[in-house]
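Some notes on the structure that comes next.
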2 protein chains.
Amino acid sequence: MKVTKIRVAILEFLIAKKAPYTAQEIYQTLQENKALNSVDLASVYRNLDKFVKSGIASHCQLSDATLRFELTKTEHHHHIICTSCQQIDHLFTCPLTVSFSDKIVKNYKNLSHKLELYGICPSCQSK
Amino acid sequence: MKVTKIRVAILEFLIAKKAPYTAQEIYQTLQENKALNSVDLASVYRNLDKFVKSGIASHCQLSDATLRFELTKTEHHHHIICTSCQQIDHLFTCPLTVSFSDKIVKNYKNLSHKLELYGICPSCQSK
DNA sequence: CTTAATGCAAACGGTTTGCAGCCCT
DNA sequence: AGGGCTGCAAACCGTTTGCATTAAG
C-alpha cells in the first residue's frame, strides 16, 4: 500500500476525530484543503475500502443508512448518538455484560436504543 | 385511506410474516400473484410510507443499509439476525433492563451484537 | 363526481466501476 | 520503468417524485 497525499489526509482525519464519519464528510473536509481540493469522492471511497480490508479501519452502519468509517478499535464498543445534534460518542460499557450505568449515558435525556444481535441460528448450525 | 388491492396484499404479507421485510422483498412477493403482477415498486414504497405515517407499520433499519418494514409492535423489542441465513427473529427480552438470558439467544452460536443508544446530549439540553 | 391511488418514467443520493493517465517506490 | 493510485465519467441500486390515468368512496 503506497503512501499518498489522500491516504495520509484521510488517516489524519480519522485519527483526529473519535466518532465514525461518512465518506462524504471526509471528502468535504479534504476539499477545504487547497492541496487536496481536486480529490475525487471515488478515491475517498476506494481508500476507505482499502483501509477496511487491511483492518486499519472498520465499517459502522448506524440507523441513518449511510456507511460510516472509523479507525479500528481494539476495545469492544458501541455508540451513543444525540437525537438532536447527531453527535456520536463512544461507549465502552457494554449493556450486554454489565448493568447499564455509564457516566456518558446518564447525561443524556430521552434515551432510547436499538440493539441487534448476530449469530448462527439453530437451523444453520445443523447444516 | 382507501382500501385497494395492493394495500390489502401488503398488509396480509406483513401480518403473515413476523420479521421486518424490505420494499423489494414485498414487491417480489406481489409479483408472484397474477392479480397483482402489474404493481409498481413505487406504489409499494408509497404504501409502506403511508402505513408508517399512520402508525400501522414501522421502519426498521438493520445493518444492511436497506430500509425494512414491519407491523408496529406494541411491545419494545429487538431483532436477532442469523449471520448465515440472514433470517430475522424477534426478541422481547431487552438486555438494557435485564441480564441477558433469552431462550432464543441461547440457541445461537458465534454471537455478536450491535447496540445504539439515542438521546439528547448534555450540550443540546442546555440550549 | 371527486379525490386519492396507481403505473410509468425520470430523477435522486450514496456507492461502485472502467478506463486512461499519473505518481509513488 | 512498472504497477498501484488517481480523476473523470458513467453505471449502479435503493428510494423518491412528477405526471397523466384509473379506480375507490
Side-chain angles (χ1 to χ4, degrees), chain A residues 1-14 19-70 81 86 88 116, chain B residues 1-14 17 19-70 81 86 88:
Chain A
M1 179 137 68
K2 295 182 178 173
V3 177
T4 67
K5 285 180 187 176
I6 307 181
R7 290 197 177 143
V8 172
I10 295 177
L11 287 178
E12 279 176 356
F13 177 91
L14 290 177
Y21 283 85
T22 66
Q24 320 246 357
E25 286 167 343
I26 297 169
Y27 170 69
Q28 278 161 30
T29 306
L30 298 189
Q31 295 274 71
E32 292 160 15
N33 182 333
K34 59 223 168 206
L36 294 165
N37 59 10
S38 68
V39 299
D40 195 76
L41 228 198
S43 300
V44 175
Y45 276 108
R46 274 189 283 232
N47 283 317
L48 287 169
D49 262 15
K50 199 141 209 186
F51 291 159
V52 170
K53 284 190 181 115
S54 71
I56 301 171
S58 315
H59 282 306
C60 150
Q61 188 107 37
L62 305 179
S63 309
D64 63 355
T66 73
L67 211 50
R68 287 166 186 277
F69 300 85
E70 64 181 340
I81 302 129
Q86 316 304 323
I88 302 169
E116 289 164 42
Chain B
M1 178 137 69
K2 295 181 180 175
V3 176
T4 67
K5 286 181 188 177
I6 307 181
R7 290 196 176 145
V8 172
I10 294 177
L11 287 178
E12 279 176 357
F13 177 91
L14 290 177
K17 310 284 187 173
Y21 283 85
T22 66
Q24 320 246 356
E25 286 166 343
I26 296 169
Y27 170 70
Q28 278 161 30
T29 305
L30 298 188
Q31 295 275 70
E32 291 160 15
N33 182 333
K34 57 224 167 205
L36 295 165
N37 60 10
S38 69
V39 300
D40 195 77
L41 227 198
S43 301
V44 175
Y45 275 107
R46 275 190 281 232
N47 283 317
L48 288 169
D49 261 16
K50 198 139 209 187
F51 292 159
V52 170
K53 283 189 181 117
S54 70
I56 301 172
S58 315
H59 282 306
C60 151
Q61 188 107 37
L62 305 178
S63 311
D64 62 356
T66 73
L67 211 49
R68 288 166 184 277
F69 300 85
E70 64 181 339
I81 301 129
Q86 316 303 324
I88 302 168

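Computed over heavy atoms, backbone and side chain alike; hydrogens, waters and symmetry mates excluded. Proteins get letters first, then strands, A, B, ... in listed order; numbering begins at 1 in each. Owing to the predicted nature of the structure, the values given are computational and were not obtained by experimental measurement.
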- [ ] Give, for atom CG of Leu11(B) and atom CD1 of Ile56(B), the distance between the pair rounded to the nearest 0.5 Å.
- [x] 6.0 Å
Open item on the list: Using 0.5 Å steps for rounding, measure from the CZ atom of Arg68(B) to the CD atom of Gln61(B).
Closed with: 9.5 Å
Task: Nearest-Å distance for atom pair CZ/C1', residues Arg7(B) and dG25(D) - done: 13 Å
- [ ] For Ile88(B) and Ala19(B), work out which heavy atoms get closest and say how close.
- [x] O-CB, 3.4 Å
Open item on the list: Does dG7(C) have its OP1 or OP2 closer than 4.0 Å to a side-chain nitrogen or oxygen of Ser43(B)?
Closed with: yes
- [ ] Taking only the side-chain nitrogens and oxygens of Lys50(B), find out if one of them lies under 4.0 Å from OP1 or OP2 of dA5(C).
- [x] yes
- [ ] Figure out the CG/C1' separation between Asn47(B) and dT6(C), and round it to whole Å.
- [x] 9 Å
- [ ] Look at all strands and tell whether Leu41(B) reaches a base, only sugar-phosphate, or nothing, counting heavy atoms closer than 4.0 Å.
- [x] base
Open item on the list: So, taking the atom named CG in Leu67(B) and the one named OH in Tyr45(B), what distance separates them when rounded to the nearest 0.5 Å?
Closed with: 7.5 Å
Task: Proximity to DNA chain C (any heavy atom under 4.0 Å), residues of residues 22-38 of chain A only - done: Gln24(A)
Open item on the list: Distance check needed: dT15(C) C1' versus His59(A) NE2, whole Å only.
Closed with: 11 Å
Task: Contact nearer the 5' end of DNA chain D, comparing Lys5(B) with Leu67(B) - done: Leu67(B)
Open item on the list: What's the separation between atom CG in Leu41(B) and atom CD1 in Ile26(B), rounded to the nearest 0.5 Å?
Closed with: 10.0 Å
Task: First encountered from the 5' end of DNA chain C, between Lys2(A) and Arg68(A) - done: Arg68(A)
Open item on the list: Can you see if the side chain of Thr4(A) gets near the phosphate of dG4(D) - specifically, an N or O under 4.0 Å from OP1 or OP2?
Closed with: no
Open item on the list: Output the rounded distance in Å from NZ (Lys53(B)) to C1' (dA5(C)).
Closed with: 15 Å
Open item on the list: Which nucleotide wins on minimum distance to the side chain of Tyr45(A), given the candidates dG7(D), dT6(D), dG14(C)?
Closed with: dG14(C)
Task: Residue pair Val39(A) / Gln31(A): nearest heavy atoms and the distance that separates them - done: O-OE1, 4.1 Å
Task: From OG (Ser43(B)) to CG (Asp49(B)), nearest 0.5 Å - done: 12.0 Å
Task: Nucleotide-resolved protein contact map, nucleotides 17-22 of chain C, B/S/- at heavy-atom distance under 4.0 Å - done: BBB---
Open item on the list: To the nearest 0.5 Å, what is the distance between CD1 on Ile10(B) and OH on Tyr27(B)?
Closed with: 12.0 Å
TODO: Could you label the plane-to-plane angle of the Phe69(B) and His59(B) rings as parallel, tilted or perpendicular, counting under 30° as parallel and over 60° as perpendicular?
DONE: tilted
